[in-house]
Amino acid sequence: MAWWVIPAMVASTAVTVMGIQQQKKQMKANAAWKDYERQLNFHYEKGKRLRDQKKLMSEQRAAVGASGAQLFTGSNLLVAAEDMNEFENDMWFLEKGVALAKGSADSELKGAITAANYQIGSTLLNSAAGVGQFKADADFAAKYGTGTTSGGTTATTGKA
């Protein structure tokens, strides 16, 4: 029996499992960076919209002042209030969009990690079965010296 086959199978399995573990770490790191990028974009967009809203409100006050009308009466007040409501609604949807994107990304990450864990379990089971089959074939060959192994070949001649 080749003494090195089983340790080689175990080492191969260990390297495969370590590679999958590294892939899981990389998936988590990528997800964290994407979340960071989403947060930066959200704060940038929020700041931009706040500046635009402040500019709009200033322009509305200036236009009312130039017209001689009072700001807090009639349609001017309604226009300003509606603009503010629309702005607040936009901000709410902007925040919810970021939260939904994060939830979707988290769900995708969990699915990928679950698939990786399944792959680890499958690799371990397949390796254990392979080691068991190799040992059974070696025991059979040692006991009988000749005969058919699980591969369908004769142990001494190598012919079917």
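Residues take their numbers from the sequence shown, with the count starting at 1. Being a predicted model, the structure only gives us computed values, none of them experimental.
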Same cluster for [X] and [Y] if Ile/Leu/Val/Met/Phe/Trp/Tyr side chains link at under 4.5 Å?
X: Trp3; Y: Val131; result: yes
X: Val10; Y: Trp4; result: yes
X: Val98; Y: Trp92; result: no
X: Met18; Y: Ile120; result: no

Exercise for review: Evaluate whether atom CD of Gln39 has more than 12 neighbouring non-hydrogen atoms of other residues, nucleotides or ligands under 6.0 angstrom away.
Suggested key: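 Check passes, neighbour count above 12.
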Exercise for review: Answer with yes or no whether the side chains of Lys25 and Gln22 bring together a donor and an acceptor at under 3.5 Å.
Suggested key: no
If I compare all heavy atoms of [X] with all of [Y], which pair ends up nearest, and what's the gap?
X: Lys102; Y: Arg38; result: CA-NH2, 3.7 Å
X: Leu109; Y: Ala31; result: CD2-CB, 3.7 Å
X: Gly130; Y: Met9; result: C-CE, 3.4 Å
X: Arg49; Y: Phe87; result: O-CE1, 3.4 Å

Point to revise | Worked verdict on Trp33 versus Glu37 for side chain to side chain contact (heavy atoms under 4.5 Å, CB included) | key: CA-CA 6 Å; Trp33 274 110; Glu37 181 182 13; over 6 Å; no
[atom2] on [Y] to [atom1] on [X], rounded to 0.5 Å:
X: Gln53; Y: Glu86; atom1: CD; atom2: CD; result: 8.5 Å
X: Leu50; Y: His43; atom1: CG; atom2: NE2; result: 11.5 Å
X: Ser122; Y: Ile20; atom1: OG; atom2: CD1; result: 8.5 Å
X: Lys110; Y: Asn117; atom1: NZ; atom2: CG; result: 13.0 Å
X: Glu59; Y: Asp83; atom1: CD; atom2: CG; result: 10.5 Å
X: Gln23; Y: Asn30; atom1: CD; atom2: CG; result: 11.5 Å

**Study point:** Worked verdict on Lys143 versus Asp139 for salt bridge (Lys or Arg N to Asp or Glu O under 4.0 Å)
**Key:** CA-CA 6 Å; Lys143 184 174 182 181; Asp139 290 346; over 6 Å; no
**Study point:** Parallel, tilted or perpendicular, as decided by the 30° and 60° cut-offs, for the rings of Phe140 and Tyr144
**Key:**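 The rings of Tyr144 and Phe140 sit tilted, inter-plane angle from 30° to 60°.
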Review point. Can any side-chain N or O of Ser12 pair as donor or acceptor with the backbone N or O of Ala8 at less than 3.5 Å?
Key: no
Point to revise | Ser104 side chain to Leu100 backbone, donor-acceptor under 3.5 Å | key: no
Check your understanding: Can you tell if the side chain of Lys24 reaches within under 4.5 Å of the side chain of Met27, non-hydrogen atoms only?
Key -> yes
